Amino acid sequence: MRSDGPGSLRQAVAEQFDHDAPDPREPVALLFRDLRTSSQGLPQREAARRQAVYGPNTLARRGGRRWPRELVQQFTHPLALLLSLAAVLAAVSGAPALAVAIVAVILLNAALAFAQEQQAERAVEALAAFLPEQATVIREGIRREVAATSLVPGDVLVVEEGERISADARLLSGGVEVDLSALTGESVPVFRSAELVDVEGSLLDARDLLFSGTACTGGQAQAVVTATGMHTELGRIAALSQRTRREESPLEHQVKRAARLIALVAVGVGLAFLPIGLAAGLSLAAAVSFAIGLLVANVPEGLLPTITLSLASGVRDLARRGAVVKRLSAVETLGSTSVVCTDKTGTLTENRMLATAVWTPHGESAVDRPAEPPPEVRLLAAAAAACTTAHPDAGHGDPTELALLDLADRLGVPCLPEQRDLDRQALFRFDPRIKLMTTADAEDGSAVLHTKGAPEEVLARTDLLLDHGSQRPLTPTDRTEVVNAVGTLAARGLRVLAVALRPLPPDQAPPDRREEAEQNLCLIGLIAMADPARPEVAGAIALAHRAGITVHVVTGDNGLTAAAIAAKVGIGNRGSRIVTGTELTAMGDRELDVLLARGEEVIFARTSPEAKLRIADALRAEGRTVAMTGDGVNDAPALRRADIGVAMGRSGTDVAREAATMVLTDDNFATIIAAVEAGRRTYDNIRKFIVYIFAHAVPEVVPFLIFALAGGAIPLPLTVMQILAVDLGTDTLPALALGRERAEPGLMDRPPRPRDEKVIQRSMLARAWGFLGLISACLVMGGFLLTLTLGGWHPGDPTGPGTALHLTYQQATTVTWLGIVTCQIGTAFAARTERASLRSVGVLSNRQLLVGIGFSLAFAATIVYVPLLHHVFGTAALGPAQLAVVAPFPFVVWGADELRRALVRRRRAAPARPAGIAPAPAHGPVTLSAHHPVAVLLARHGWSARQLHHALGVTEHAAEEIVSHAHRVAAEHGRLPPSRGRQAPGSGTVSRYSRSGRR
C-alpha cells in the first residue's frame, strides 16, 4: 500500500539512513563521503532539507502513551476507592439512584483530576521553551549558534567546556574530557581526541567518538555529527527503557497518607453508627444509607486534584518571573528555604564587566577617559586580550574576557579572535583551583607565554617586573607596592586581575606542562574591573533577612572584593566574616558546623567547586533547607546535593542547568527570593483550601449524628443525595480558586517553615473542624429546626411522604442544604487569610473565587427551584422568609473568623526579635600589625612566612606575625562564640578587613 504523507516519507528515509548508516569509526575521508559533508560543514539549505527528512534531534517520549494508565490511577487512590465502596453498598441496599449519583461524583472527580494532571504535565514540559538548548556548528565555513534540536547528520559540531553534547559525533580536531556517566554510569571523565583512533571494540570505548547526552568537562574540539535523535546511542537506550515513573513529592506523599487516614476514619465512623441507626428504629436499608451518608460526608474528593493544580500554577507563575522550575515538587521546597548560598559575579552583580582602571609600575591609570594611554598600559591590555578564548561577535565568552577584549579595543590595540586563535600555539585553560590561565602565542617568529589570574597566584610565580619597556628583577619593595595596589582596588569593590608574560627563545617550543609554563614570569601590571551590584539585589537581601533566610556568599573571587560587594547589597550587616578556601579545607566538620551555626553570614572566598559541595552537606546536616547557585561544570555535584540547585540560564553551562532544580533565565539573585516568596504563597494556598475542604465535613456529618442520637425523634436533616450535590456542584471551583490566592501580608516576615513540617497540622484541623465547621453546623441545624418549628412540627411528629408536615420537612432539609452552601461561601472568604484581615488582601481581589461562588449559587438555585430535581435531591422551593434565614450564614462564619484572627494578631503583637540573622557575637579587638589586609588574606590562603617574605618583601619577623594572626583568625572560625561582654583574643570579625584599609 502506497503512502504519500510526509510522515511516511520521513520514516522511510530515516529507516534507510539507520540501516545504511556509516560506521563512525571509518576513516574521516570516507565518513565525509558517506555523510555527504566536509570540514566546512553543511550548506544551510542542505541542513534544512535533512531536518525535514530526519526530523528534530529529540528523543521520543519513553513508555509511549501514558494517559490510559494515568486515567486508571484516578480511580485507585484511597478516596476514590472509598466512594466506590459506598456506591456498591448503595446498590446492594436497594438505592440505585444513590449509587448512580456516587458513581457520577467518582467520574467527575476522576475526569477533573486527570485533566489537571495533564495540564500540570504540559506546563512542566512546556518549560523547555524558556530554555532553548543551543549548539555551536560550522555551516558553510561560518560558526553559528543553532537550536540543538536542529542538528542533522553531517553537521560539524563545535564542542567546548561546560556544554552538553547533543548528538553522536566523530572528532575531527582537538581533544576534550567527557563525562559519560549518562551512558556508562562511570563518574570519572574520560579523554577523547581526534588523534586517538580506535577501530575495534565497543563504540562507547572508542576514544575518537562523542555521544549524545554526555557532557564536555574540559577542552575544545570539532566533530562531525553521525547520528541524531533516536538513532544515537542514548536514543537506543531510551527505546529500551520502560522506567517512566514520576517522582512523588513529599507534599503528595503527605496528602496520600492523609487520604488513607481520612478513608479509615470515614469507614470507621460509618461502621460505628450503623448499629446506632438500627437502634433508632431504622430499617436495614435506611441504616446502610445512613452509614453511606456519613462515609460520603467525610470524603474530601477535591483534595488531590486541587493540590496538583496549585503546584502546576506555581510552576507557571515562577516561569513568568524568570525562575524555571523543573519539578512540581520543588515549589513546596522553595517555600521552606532557610539558607541561600550565592555566587557573586552575575548573581549579585550585573555580570557586565568593564575595565575601569589599570596599575603598572608607574601607578594607577584610569582607562575610561578619552586620553592617549602610555605604552605600558597598551602592552598590558594587549597581553591580557591575547590570554582569552572569548568570541564577542558570536556572543560567546566569559564576561571577564569580553571586558579584556573591549579594553584592548578601546586602547587602540584590538585583538581579533580569529587572528588570536591562528597565532595560538598552546592553551592552558582557566583552572578554578589555582585561578590561572595561560596561553602560548606566536609573536615575531617566537612564542610568548601570557598568564592572567588572581594577583596572589600570579605574584607567587613572578620574579621579574616590566618597567619602561624592559624587564628587571621584582624587588621586595615592588611586591609591597603590588599588594597595596591590589588591596586598594579590591576594597573599592573592583575585581582585580594580574597579567604577566614570558617570552620564549625563537627555537623553543611552548612547554607541555602547566607547571613549566607558569613560572619565572614577568609581571606587566594589574587590571581592575567593575561589575556593579544589581540595583534590585539590596531590596531582595533585605526581604530575605526579614524572612529569616541567611545568605552566604560562595565565590572564587578575592575576599576583599566579595566583601565590598556584599556590604553594598546588605549581606553581613548583622555580622559576617571572610573564610578563605585554604581555611575551609583545613577545617574539620565540627569546626565548619560551629561556623555555620553562629548565625553570621559568611563570605567564602577563593573557594573551589568541591567546597560548595561540602558547605551544602554541612548546612543540610543542620536541618537547613539550602538553595545553592552555580554556573560551572564543577558546580553540578553541589547543585544536585542542595535542596534547590539554582543554575544560571544565561551564563551557566549546560551541565549546570541539567543538574539544577531551578534555572534563572535572568541570572538575578532577586529572582531567587521572588521564587521563595512564590513557593511560600503556593504552600499557604494549599493549606487554605485544605481548611476549606475539611470545614464543610462537620455540617454534613452533624445532622446524621443528631438524627441518630435523638433516636429518630428529630428527622434526618440532610439526605445523602444532598451531600453529593454539595460535593458535586458547589465545592470544587471555590477550592480551586483558593489555590490562586495572592500572598498574605507578612508572608516574608515569617521564619522559614521546618523541612519536616506536616502539611496538615492540628491547628488547621482545629480551625476547620472545631471552629468554622462547628459554627456552620450550629447555623444549619438551627435553620433546620427553626423551619420545622415554624411549620408546626414537634419532636416525634411524622414527616414522611403523605403526612401533613412532609412539605415542611422538605423545605427544612432544603434550608439545611442551602445553609451548608452559604456557609461554604463564608468559609471560603475566611480561609483566604490565615492571620491577616481580609481587607489587607482585598475582599473582591480573587476573581476566580467570585466566579466559583457565582457558579455555586447558580447550581444551588437550580436544585431549589427546578421542580424536576426536587424528587432526585429531596428539595423543595423556598419562600422569602426561609431564604432570609440562610442569607446571614456566610457573614456569620466569615465575621466569626475575622474576630478570631484579630485576637490572634493582638496576642502575637507583643514585641519580639524580628526573624532573620542572629546578632553578631561580641568579639574583642585583636592586636594586629600595620600590614595591609591583603597580606593577611595571603597568609590565610596558606602562604607560609617564607612565601610572604619572598612575595611581599616584608621582614621575616613581620611575616611570622602575619601568619600567626592568620592562624588565630582561622581557629576562631570553628570556635564557639564567647559570652557577651567578654573579649577573646584572636576573635575579631574579619568583616572589619573589608571596611578599612589598615587594621
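All figures in this text were calculated on a predicted structure; none of them were measured in a lab. Worth knowing before you read on, the calculation uses all heavy atoms, side chains too, and leaves out hydrogens, waters and symmetry mates.
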Go through the steps for T451 and T438 under the test side chain to side chain donor-acceptor pair (under 3.5 Å), then give the verdict. CA-CA 4 Å; T451 298; T438 299; 2.9 Å; yes
Verify side-chain contact (heavy atoms from CB on, under 4.5 Å) between L747 and E677, making sure each step is shown before the conclusion. CA-CA 8 Å; L747 176 70; E677 184 176 9; 3.9 Å; yes
Apply salt bridge (Lys or Arg N to Asp or Glu O under 4.0 Å) to residues K344 and D531 and explain how you reach the verdict. CA-CA 10 Å; K344 177 185 72 68; D531 184 12; 5.1 Å; no
Quick one, D317 with R320, criterion salt bridge (Lys or Arg N to Asp or Glu O under 4.0 Å). Give me CA distance, side-chain angles, the key distance, then yes/no. CA-CA 5 Å; D317 291 342; R320 284 192 289 267; 2.4 Å; yes
Any chance you could lay out the side-chain contact (heavy atoms from CB on, under 4.5 Å) test for I549 and V676, step after step, and finish with the verdict? CA-CA 10 Å; I549 299 174; V676 171; 3.8 Å; yes
Under the side-chain contact (heavy atoms from CB on, under 4.5 Å) rule, what do F604 and L584 come out as? Steps first, then yes or no, please. CA-CA 8 Å; F604 294 97; L584 182 60; 4.1 Å; yes
Test side-chain contact (heavy atoms from CB on, under 4.5 Å) on T347 and R534; report intermediate values, then the result. CA-CA 8 Å; T347 309; R534 293 179 181 267; over 6 Å; no
Dump the intermediate steps for salt bridge (Lys or Arg N to Asp or Glu O under 4.0 Å) on E401 and K452, then the final yes or no. CA-CA 10 Å; E401 295 195 345; K452 74 174 192 300; 3.3 Å; yes
Applying salt bridge (Lys or Arg N to Asp or Glu O under 4.0 Å), run through E456 and R606 and close with a yes or a no. CA-CA 11 Å; E456 63 268 22; R606 295 290 194 229; 2.7 Å; yes
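The salt bridge (charged side-chain N to carboxylate O under 4.0 Å, His left out) test applied to R514 returns E518, not counting sequence neighbours.
Contact annotation: the side chain of D684 approaches that of R750 to within less than 4.5 Å [non-hydrogen atoms, C-beta and beyond]. Side-chain contact between V178 and L210 is present, with heavy atoms from C-beta onward closer than 4.5 Å. Counting heavy atoms from C-beta outward, K568 and L348 have side chains that stay 4.5 Å or more apart. Between L334 and I672, the closest side-chain pair of non-hydrogen atoms is not below 4.5 Å. Taking 4.5 Å as the limit, every side-chain heavy atom of L526 sits out of range of all side-chain heavy atoms of V499. Within the 4.5 Å cutoff, the side chain of M662 has no heavy atoms near those of the V324 side chain. Side-chain contact between L354 and D406: present, with at least one pair of heavy atoms (C-beta onward) separated by less than 4.5 Å. Residues P754 and S336 form no side-chain contact, since every pair of their non-hydrogen atoms from C-beta on lies 4.5 Å or further apart.
Smallest separation of non-hydrogen atoms from A564 and A490: CB-O, 4.0 Å. Residues I603 and A566 share a closest heavy-atom pair of CD1-CB, 3.9 Å. G630 approaches L639 most closely through the heavy-atom pair N-CD2, 3.8 Å. Smallest separation of non-hydrogen atoms from A675 and L318: CA-CD2, 3.4 Å. Of all the heavy atoms in L613 and A638, the pair that sits closest is N-CB, 3.7 Å. A pairwise comparison of heavy atoms in L436 and A454 identifies CD2-N, 4.3 Å as the closest pair.
Atom CG of L497 and atom CG of L489 lie 11.0 Å apart (nearest 0.5 Å). In this structure, the separation between CG on D617 and CZ on R641 is 4.5 Å, given to the nearest 0.5 Å. Residue T342 holds its OG1 atom at 10.0 Å from CE of M628, rounded to the nearest 0.5 Å. For the atom pair M353 CE and L407 CG, the distance stands at 13.5 Å (nearest 0.5 Å). Here the CE-CG distance, from M529 to L402, works out to 11.0 Å after rounding to the nearest 0.5 Å. If you take CG on L664 and CZ on F669, they are separated by 10.0 Å, rounding to the nearest 0.5 Å.
A donor-acceptor pair under 3.5 Å is absent between the side-chain atoms of T661 and the main chain of I644, judged by distance alone. When atom types are taken as modelled, the side chain of R620 and the backbone of I615 share no donor-acceptor pair closer than 3.5 angstrom. A donor-acceptor pair under 3.5 Å links the side-chain atoms of E601 to the main chain of V551, judged by distance alone. Between the side chain of T555 and the backbone N or O of D343, no donor-acceptor pair lies under 3.5 Å. When atom types are taken as modelled, the side chain of R546 and the backbone of D749 share no donor-acceptor pair closer than 3.5 angstrom. Remark: side-chain polar atoms of R681 are not paired, donor with acceptor, to backbone N or O of R742 under 3.5 angstrom. A donor-acceptor distance shorter than 3.5 angstrom exists from the side chain of E591 to the backbone of G588, with no hydrogens or angles considered.
Remark: the T400 side chain and the R495 side chain contain an N/O donor-acceptor pair separated by less than 3.5 Å. Side chain to side chain, E160 and Q220 meet the donor-acceptor criterion of an N or O pair below 3.5 Å. No side-chain N or O of T625 forms a donor-acceptor pair with one of S338 less than 3.5 Å apart. Side-chain contact annotation: D643 with T333, donor-acceptor N/O pair under 3.5 Å absent. There is a side-chain donor-acceptor pair under 3.5 Å between T136 and E145.
The side-chain tip of R753 points at the ring of Y683 from less than 6.0 angstrom away and within 45° of straight on.
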